[in-house]
Amino acid sequence: RVGPLTLTVDRLSVRYGDVLAVDDVSLTVEPGRIFGLIGPNGAGKTTLLDAVTGFARISSGRVALGGKDVTRSSPVVRARAGISRAFQSLELFEDLTALENIVAATDPTSRWCYLRDLVYPAPLKFSAGVLDAIGEFHLDQDLDHVASVLPYGRRRLLAIARAVAGGPSVLLLDEPAAGLSGEERRELVTVVRRLAREWGMAILLIEHDVEFVLDTCDELMVLNFGRAISHGPPCQVRNDPAVVEAYLGGE
Ligand code: ATP
């Protein structure tokens, strides 16, 4: 585990050809806090996450973790430094079991490839993070099932469990509530809050589900054409006329 660290994005811009996908955006997410990014399709939300993880080339500005500049670090270095991400498209290892999925993301020696021959509970010692993730997401019943056969809601939780099992400082979630039932959504609200408040993670999430955002986030930023058009406590942002016009009014 890396321990609690603050994520700082400072005057960040990402350009794709003629498109300024992210335009001079600054934000800070402290440990224990949940920061929501909302905005219309194409506003630059995913590109901002890509820039934080190191998958999008930053045109200007900087990204820092715990005050340390990682702007020029590779995605692998940033992951080891404590930045983790769960994807909108899940990106699970479909042929592996739920347990193997979780362990694969945490164990640098990839010992998961030997797990199949073992009877659970395996005589291997899993890291505390793996066990915590299994418990937090109530995945005990799913451990032996290959990811591809799990219902969508369980797959979504598994993808987030895998992202947290290594004990990251910063967790990036791309539309975590998409496709969930009402009950699964409520369960996820509880889990996300606990990851911040009890695990001490700094969480930056993208979400179109406004109710989920209002239930989880301490702070909100609205992006439109790459720019932050509003930023502050959720109740303030929600009533900002610029936001209602650019985004919420169109819902
Ligand atoms: P959505 O809610 O639909 O996921 P978004 O807010 O995440 O949208 P981005 O996917 O970050 O928005 O896209 C921002 C802009 O950058 C869009 O105009 C998009 O077409 C463009 N863009 C994103 N990725 C690339 C890329 N790899 N190459 C070229 N342009 C891109």
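Heavy-atom basis, side chains included; hydrogens, waters and symmetry copies ignored. Order of appearance sets the numbers: ligands from 1, and atoms from 1 within every ligand.
Asp142 and Arg155 are not joined by a salt bridge, as no carboxylate oxygen comes within less than 4.0 angstrom of a charged side-chain nitrogen. Glu136 has a carboxylate O that lies under 4.0 Å from a charged side-chain N of Arg194, or vice versa, which qualifies the two as a salt bridge.
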Checklist entry - Taking it one step at a time, do Glu211 and Arg185 satisfy side-chain contact (heavy atoms from CB on, under 4.5 Å)? => result CA-CA 10 Å; Glu211 207 183 324; Arg185 197 187 140 286; 3.4 Å; yes
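The closest side-chain donor-acceptor pair between Thr8 and Asp10, if any, does not fall under 3.5 angstrom.
Cation-pi check for Arg85 over Phe55 is not met; the charged atom does not lie both under 6.0 angstrom from the ring centroid and within 45 degrees of its normal.
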I'd like a table of the close N/O pairs between ligand 1 and the protein (anything under 3.5 Å), one pair per line with both atom names and the distance.
from	atom 1	to	atom 2	distance (Å)
ligand 1	2 (O)	Asn41	OD1	3.3
ligand 1	2 (O)	Lys45	NZ	2.9
ligand 1	2 (O)	His208	NE2	3.3
ligand 1	3 (O)	Asn41	OD1	3.4
ligand 1	6 (O)	Ala43	N	3.0
ligand 1	6 (O)	Gly44	N	2.9
ligand 1	6 (O)	Lys45	N	2.9
ligand 1	6 (O)	Lys45	NZ	2.7
ligand 1	7 (O)	Thr46	N	2.8
ligand 1	7 (O)	Thr46	OG1	2.7
ligand 1	8 (O)	Gly42	N	2.8
ligand 1	11 (O)	Thr47	N	2.9
ligand 1	11 (O)	Thr47	OG1	2.5
ligand 1	12 (O)	Gly44	N	3.1

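Pro176 is listed as a side-chain neighbour of Glu207, based on a closest heavy-atom distance under 4.5 Å.
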